[in-house]
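Below is one structure, written out as structure tokens; comments come after it.
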Amino acid sequence: MNEATKLDTLAALLAQAPAEVFIQPHNVPDPDAIAACAGMQYLLGRNCIESAIVYDREIEKADSLRMHGLFGIEMTLAASVKTIWEEDWTLLVDGQKGGGNLTDLPTVEMACIDHHEYRPAQSYRFEDIRPAVGASSSFVAQYFFENHMDPPCAIATALVFGIMKDS
Ligand SMILES: [Mn+2]
């Protein structure tokens, strides 16, 4: 038997969510945050976990905005998602709880994937936080490799762009 991968562990955790699963990047998401969220949404979907990407603070940068159209990435401003409440679970991507640039939504922040400086004692049930890594998109690429899955072309391109912009 193969050992469980990080993605297996995360998917098994999120499968227990009592309500919706959200993926939340840091506020005013940049290309790395957007690509990593899209990649995680795809990977979770392949593990039968439906999720929606929600974010706070309007995106202004042209390259971030173009990613939505170019790569077909759907993201919704958290304030316009009326169903968000405290029974929902969130996977944080490219940001951590308690960081100044991440709005604390009413959901439970169950999991975190990030490459910024480690903020201890946030009590996630799953965390993959490695400040030595250049981009969150690199984690997601690694999850594809570890699970022997090929990313769709749009996701692969978004991840490369995210890694390029953050490195
Ligand atoms: Mn990043």
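Position 1 is the first residue of the sequence, and the numbers go up from there. Order of listing sets the numbers, starting from 1, for every ligand and every atom in it.
Hydrophobic clustering keeps Val140 apart from Ile129 (ILVMFWY residues linked when any side-chain heavy atoms are closer than 4.5 Å, directly or through intermediates). A single hydrophobic cluster is seen to contain both Phe139 and Leu44, as judged by linkage of ILVMFWY side chains at heavy-atom distances under 4.5 Å, directly or through other members.
Between Asp63 and Lys165 there is a salt bridge, since at least one side-chain N of the basic residue sits less than 4.0 Å from a carboxylate O of the acidic one. In summary, Asp8 and Lys6 do not engage in a salt bridge, as defined by a charged side-chain N under 4.0 Å from a carboxylate O.
Coordination check, Asp94 versus the Mn ion (ligand 1): passed, since an N/O/S atom of the residue sits under 2.8 Å. For a distance bound of 2.8 Å, the N, O or S atoms of Asp30 include none lying that close to the Mn ion (ligand 1). Among the backbone and side-chain atoms of His115, an N/O/S atom is found under 2.8 Å from the Mn ion (ligand 1).
Between Thr90 atom OG1 and Ile23 atom CD1 the span is 9.5 Å, to the nearest 0.5 Å.
Shortest distance from the Mn ion (ligand 1) to Asp32 is reached at OD2 (N/O/S atoms only). The Mn ion (ligand 1) lies closest to atom OD2 when only the N/O/S atoms of Asp166 are considered.
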